[in-house]
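In what follows, residues are counted from 1 in the order of the sequence shown. These numbers come from the heavy atoms of this one structure, side chains and all, not from hydrogens, waters or symmetry mates.
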Amino acid sequence: MANLFDSIDPEVFKSYIFWSAVLVIKMMLMSVLTGSQRHKKHAFANPEDAKTVKGGKLNTNDPDVERVRRAHLNDLENITPFLAIGFLYLLTGPSATVAINLFRLVGISRIVHTLVYAVFVIPQPARGIAWMLAYGSTLYMAVKTALAFL
């Protein structure tokens, strides 16, 4: 019996690893962005944190901090499934061109989503389009994977 992993194209695998690493780094940077917003706005979620900064106050409802937190939560809800299904999609022997471009599309779309949601706030539909491109790509990979192993 052939090893299922033997069918993975090395270039596709490298693309998956690259974009997965980029997205993990991006998610980690969201924590830094949240902390930065909290310090900038002197809006802290814990009393002991508020005491570390002159003028710091307990505020769990600052709109700018909450916007960054929502963007981070959206990453957790969307990048985590990509990390799992992207790897499983590799096992289906997809076209290298299709797979590499799907990984790129998810990565770039998630970065754009954060930029238009939490960094340079741009009105809809910019955020919705960025979300939809990554979500649709991940859903496509999930359906293709499920059908391949039906």
Side-chain angles (χ1 to χ4, degrees), residues 1-46 49 53 59-150:
M1 180 173 198
N3 185 338
L4 193 56
F5 296 102
D6 290 340
S7 65
I8 297 175
D9 180 315
E11 288 305 309
V12 176
F13 186 65
K14 284 172 36 178
S15 178
Y16 167 76
I17 295 297
F18 173 79
W19 286 106
S20 293
V22 166
L23 290 174
V24 167
I25 292 166
K26 183 221 159 313
M27 280 197 311
M28 293 176 73
L29 289 175
M30 293 303 291
S31 298
V32 174
L33 185 58
T34 302
S36 173
Q37 276 292 74
R38 285 196 183 285
H39 280 276
K40 178 179 166 187
K41 302 294 295 266
H42 292 184
F44 298 94
N46 301 300
D49 297 336
V53 175
N59 181 355
T60 58
N61 224 8
D62 182 86
D64 296 325
V65 173
E66 289 306 304
R67 176 175 287 276
V68 174
R69 291 184 70 233
R70 286 190 307 272
H72 193 180
L73 179 59
N74 193 278
D75 278 350
L76 294 170
E77 294 169 346
N78 290 277
I79 293 173
T80 306
F82 164 76
L83 296 173
I85 204 61
F87 179 76
L88 296 176
Y89 179 65
L90 292 171
L91 302 176
T92 68
S95 155
T97 303
V98 172
I100 290 168
N101 284 310
L102 283 169
F103 299 153
R104 280 182 188 142
L105 183 59
V106 171
I108 292 168
S109 294
R110 291 308 309 172
I111 292 167
V112 168
H113 181 271
T114 295
L115 291 174
V116 301
Y117 193 9
V119 180
F120 311 105
V121 179
I122 296 175
Q124 289 285 27
R127 177 171 35 106
I129 291 169
W131 174 84
M132 192 180 316
L133 289 171
Y135 187 86
S137 298
T138 303
L139 181 60
Y140 171 83
M141 287 184 278
V143 170
K144 292 294 277 186
T145 301
L147 292 175
F149 290 95
L150 185 64

So how far is it from [X] [atom1] to [Y] [atom2], rounded to the nearest 0.5 Å?
X: Glu66; Y: Thr34; atom1: CD; atom2: OG1; result: 9.0 Å
X: Tyr117; Y: His72; atom1: OH; atom2: NE2; result: 13.0 Å
X: Trp131; Y: Gln124; atom1: CH2; atom2: CD; result: 11.0 Å
X: Asn78; Y: Leu83; atom1: CG; atom2: CG; result: 11.0 Å

Below 3.5 Å, can you tabulate the donor-acceptor pairs from side chains in residues 102-114 to any protein atom, sequence neighbours excluded?
from, atom 1, to, atom 2, distance (Å)
Arg104, NH1, Asn101, OD1, 3.0
Ser109, OG, Leu105, O, 2.7
Arg110, NH1, Asn74, OD1, 3.0
Arg110, NH2, Asn74, OD1, 2.8
Arg110, NH2, Asp75, OD1, 2.7
Thr114, OG1, Lys26, NZ, 2.5
Thr114, OG1, Arg110, O, 3.4

At their closest point, which heavy atom of [X] faces which heavy atom of [Y], and how far apart are they?
X: Val12; Y: Ala99; answer: CG1-CB, 3.6 Å
X: Ser137; Y: Leu133; answer: OG-O, 2.8 Å
X: Tyr89; Y: Thr145; answer: CA-OG1, 3.3 Å

_Against Asp64, only a single residue in Lys40, Arg69, Lys41, Gln37 fulfils side-chain hydrogen bond (donor to acceptor under 3.5 Å, both in side chains); can you say which?_
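With Asp64 as partner, Lys40, Arg69, Lys41, Gln37 yield a single side-chain hydrogen bond (donor to acceptor under 3.5 Å, both in side chains), made by Lys41.
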
*Should Phe44 and Val53 count as side-chain neighbours, where that means a heavy-atom distance under 4.5 Å?*
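Of all side-chain heavy-atom pairs linking Val53 with Phe44, at least one is under 4.5 Å.
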
Among all residues two or more places apart in sequence or in another chain, which pass the side chain to side chain donor-acceptor pair (under 3.5 Å) test with [X]?
X: Arg127; answer: none
X: Trp19; answer: none
X: Asn59; answer: none
X: Tyr16; answer: none

*Applying side chain to side chain contact (heavy atoms under 4.5 Å, CB included), run through Leu29 and Leu33 and close with a yes or a no.*
CA-CA 6 Å; Leu29 289 175; Leu33 185 58; over 6 Å; no

_Suppose we screen for ring-ring contact (aromatic ring centres under 6.0 Å, His included). Which residues come up paired with His42, at least two apart in sequence or across chains?_
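His42 satisfies ring-ring contact (aromatic ring centres under 6.0 Å, His included) with no residue once adjacent residues are dropped.
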
_Trace of the side chain to side chain contact (heavy atoms under 4.5 Å, CB included) decision for Lys14 with Phe18_ = CA-CA 6 Å; Lys14 284 172 36 178; Phe18 173 79; over 6 Å; no

*Let me see the working for Phe87 and Phe13 under side chain to side chain contact (heavy atoms under 4.5 Å, CB included), right down to the final yes or no.*
CA-CA 8 Å; Phe87 179 76; Phe13 186 65; 4.2 Å; yes

